[in-house]
Amino acid sequence: MSGLITAGSMTGAGTAVADDDVQHQGGAVATLDGLKTFDTAVLRANGESHEIPAGVFEMTVDGGGRLKTYCIDIHNPTQDQAKYLETPWSQTSLATNKNAGKIRWILQHSYPQVDDLAALAASAGTGPLSQKTAAAGTQVAIWRYSDNADVDALDPAAEKLADWLQAKARDVAEPKASLSLEPSAVSGKAGGRLGPVTVRTDAAQVTLTPPVDAAASGIRITDAAGKPVTSAVNGAKVFFDVPAGAVDGSATLSAQATTSVPVGRAFAGATRSQTQILAGSSESTVSANAAATWATAGAIPALSAKKNCAQGGVDITAANKGDAPFTFELAGFSHTIAAGESRTVTIPVAEDQAYDFTITGPGGFSKNFRGVLDCKIKGASTPETQTLGSQPSPAAAGGVSAGLEGDLAATGGSSATPMIAGIAVVLVVIGGGAIFFLRKKKVPTEE
C-alpha cells in the first residue's frame, strides 16, 4: 500500500492556509483588527529616514476575547484581517534572537501592562506620557531588540521611555502556551486506551469534546483508570478508549478553555504577515486538538508537525505503535520506523513559503499540515522597506498594510521564484505543484 505527501502550488497555496486546518499547536486564534493606539517613530534604513506609525495592535479572538500586541518584524507588512495563531517562540524569529527574553521584560514593565502612565513616566523620567506616546516608546524599544532596528520615537517623552526600557530590560523566560495537548497525535491497537495526552494550560478548567460520532463507534475519552471525562485541569492525562473490534480509523479530541493568554506569547500569521507578540489579553477562548489512529495489525502511524526555525523547515514526526515497520521514502531517502519507535524528518521550506502537506497511509489514514514558514525578520534591504516613505496606513507598523490578494500577488509571483529554487533539492515541481512520495512497504499482517 502506498501513501502520498502532496504540497500545493508554491505560488498559490498562500490563500489556502487561512483555513481551519492550518497547522496550530494550540492556544488562541485571532483576527487582526489593525493598529489602534500609536504615535510616530523614525526608522533609518538604507541611508534614508522614514516616519512610520508605532504602537499597539488589537485582535479579536475566535470564540471571544480581545488581544493587544506589538510587532516584532518591522520590515514585514501586515495583512488586513489576517488570521493569527498563538505560536511557540521556537517557530518564529525569536528562536534565534538572544534578546527575546528582554522583549518580554519590556512587555511586562510598560504600557498596556502598566496602565498608570503617571507612575510609568515617573519611573522612566520621561515627562508626561499619553497612551499613544507610551505605546510608541514601548514599540520602539521592542524593535531595537526584535529587529536590531535603528529607530527612535519622534515624541521626546516616548523616546526617553524607549531608551529607559531598552537599558532596564533583563532576560525573562518564554511563557507557556495558554492551552496545548501533548502529544498532538497518538496511535495504537484497537481494544485499549491510546495515549496519554497531557493537558497543559493556565486555565482553571478545560472542556473536552469527544470525537464526532464517538458514541456510535464506542470511542470514549477517559482518565488513566478508564473513567470517562469531559473536563480536565493542567497536567491531567487523558486517553482515547477504543473498543476491541473497532474498524481501523482515526478520531480527534478537541479541548477548549477561557483564560488570559500569557504576556509574551508570540502570534504568527496564518498567511504572510508581521509576527506579533502579546502585550495584553482579556479572558479569551483558547483551544487545542489531539488525534488518535488505531488498527488491528500492521504499522499504525501517528503523525505530527511543527515548524523548525533552526533548520529552516517543517519537522514531520512519525511514531509507529503497530506491530510492523513503517517504511517510507522522502526526497530520495528511505526511512524505517520500527514498531514502538518514532522518527522526525525535516522538510526544507524556503523562508516566507506557504506549505500544504497531506500525508496518507494504511487504512485510509490521512493527515494535513499547512502554514507559512516565517522564521526570520526582514532585513533593511528587502523590497518592503521601499514602501515606508509612502505614508503607511495605521494598520501596518513598519510596512504598508495590504489586502490578502494584493500582498500575495506581490510576493507570490516572480519574487517566489528564488524561494522555489532554494528548495529544489527537495521539491519535484510539476506544473506549479510539488510532490513527495511516501511509500509503505508491504509487510506480513495477521489475519
Side-chain angles (χ1 to χ4, degrees), residues 14-38 55-74 76-95 100 103-104 107 112 139 142 146 174-175 177-180 256 259-289 306-307 309 352 354-355 369-378 394-399 401-404 407-408 411:
T15 56
V17 295
D19 295 342
D20 291 339
D21 292 336
V22 68
Q23 181 188 338
H24 188 212
Q25 272 71 58
V29 178
T31 300
L32 184 69
D33 293 325
L35 189 62
K36 299 297 185 180
T37 306
F38 62 95
V56 175
F57 289 84
E58 294 187 12
M59 298 186 190
T60 300
V61 179
D62 289 6
R66 300 284 298 170
L67 305 177
K68 293 185 177 183
T69 62
Y70 286 102
C71 160
I72 53 172
D73 194 354
I74 190 172
N76 193 15
T78 58
Q79 300 292 334
D80 293 339
Q81 293 295 296
K83 185 75 73 176
Y84 275 82
L85 312 174
E86 185 180 336
T87 303
W89 286 5
S90 62
Q91 298 181 41
T92 71
S93 60
L94 297 175
I103 296 172
R104 190 185 181 202
L107 294 165
Q139 177 66 92
I142 290 170
S146 65
E174 175 184 4
S178 59
L179 175 62
S180 65
Q256 189 174 94
T259 187
S260 293
V261 182
V263 169
R265 288 296 289 172
F267 277 77
T271 53
R272 184 181 173 217
S273 191
Q274 281 179 355
T275 303
Q276 306 277 316
I277 193 163
L278 188 70
S281 168
S282 70
E283 289 289 296
S284 298
T285 300
V286 296
S287 60
N289 295 325
K306 65 179 181 179
K307 300 172 189 177
C309 284
D352 294 326
Y355 59 88
F369 303 107
R370 60 179 67 180
V372 176
L373 193 73
D374 186 4
C375 292
K376 300 176 182 178
I377 60 171
K378 305 296 177 292
S401 174
L404 291 176
D407 185 71
L408 290 174
T411 60

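Taking each heavy atom of Y84 and S273 in turn, the nearest pair found is OH-OG, 2.8 Å. What you find for S146 and I377 is that their closest heavy atoms are O-CG2, 3.6 Å. Between A28 and V61, the shortest heavy-atom contact is CB-CG1, 4.4 Å. Smallest separation of non-hydrogen atoms from L107 and A279: CD2-CB, 4.0 Å. K68 and P112 get closest at one heavy-atom pair: CD-CG, 4.1 Å. Across every non-hydrogen atom of A266 and W89, the tightest pair is CB-CD1, 4.0 Å.
H24 contributes no side-chain N or O that, together with a main-chain N or O of A288, makes up a donor-acceptor pair within less than 3.5 Å. Without hydrogens or angle criteria, Q139 side chain to C71 main chain gives a donor-acceptor distance under 3.5 Å. S282 contributes no side-chain N or O that, together with a main-chain N or O of S284, makes up a donor-acceptor pair within less than 3.5 Å. Remark: the backbone N or O of S90 is not paired with any side-chain donor or acceptor of K306 at under 3.5 angstrom.
Here the side chains of I277 and R265 are not in contact, with every heavy-atom distance at 4.5 Å or above. Looking only at side-chain heavy atoms (C-beta outward), S93 and C309 stay at 4.5 Å or farther from each other. In this structure the side chain of F267 reaches within 4.5 angstrom of the side chain of L278, judged on heavy atoms. Residues Y70 and Q274 fail the side-chain proximity criterion, which asks for heavy atoms closer than 4.5 Å. Side-chain contact between L67 and V261 is present, with heavy atoms from C-beta onward closer than 4.5 Å.
Taking CG of D33 as the start and OG1 of T60 as the end, the distance is 3.5 Å to the nearest 0.5 Å. Here the straight-line distance linking atom OG1 of T259 with atom CG of L179 works out to 9.0 Å at 0.5 Å rounding. Annotation: the span from D352 atom CG to T271 atom OG1 amounts to 11.0 Å, rounded to 0.5 Å.
Checking T69 against Q276 by side-chain atom types alone, a donor-acceptor pair falls below 3.5 Å. In summary, the side chains of T31 and Q81 do not present any donor paired with an acceptor at a separation below 3.5 Å, with no hydrogens or angles considered. If you check the side chains of D73 and T275, you find no donor sitting under 3.5 Å from an acceptor.
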Output, in order, the C-alpha distance, side-chain angles, deciding distance and verdict of salt bridge (charged side-chain N to carboxylate O under 4.0 Å, His left out) for D62 and K83. CA-CA 10 Å; D62 289 6; K83 185 75 73 176; 3.1 Å; yes
Could you go through E58 and R66, starting from their C-alpha distance and side-chain angles, then the distance that decides it, and tell me whether this counts as side chain to side chain contact (heavy atoms under 4.5 Å, CB included)? CA-CA 7 Å; E58 294 187 12; R66 300 284 298 170; 2.7 Å; yes
With side chain to side chain contact (heavy atoms under 4.5 Å, CB included) as the test, would you mind laying out the steps for Q25 and Q91 before giving the verdict? CA-CA 10 Å; Q25 272 71 58; Q91 298 181 41; 3.0 Å; yes
Please walk me through it: do D374 and T92 pass side chain to side chain contact (heavy atoms under 4.5 Å, CB included)? CA-CA 6 Å; D374 186 4; T92 71; over 6 Å; no
Is there a side chain to side chain contact (heavy atoms under 4.5 Å, CB included) between L32 and F57? Walk through the geometry before answering. CA-CA 8 Å; L32 184 69; F57 289 84; 3.7 Å; yes
Evaluate side chain to side chain donor-acceptor pair (under 3.5 Å) for Q256 paired with T285, printing each intermediate quantity in order. CA-CA 7 Å; Q256 189 174 94; T285 300; 5.4 Å; no
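Using a cutoff of 4.0 Å between basic side-chain nitrogens and carboxylate oxygens, E174 and R104 are not scored as salt-bridged.
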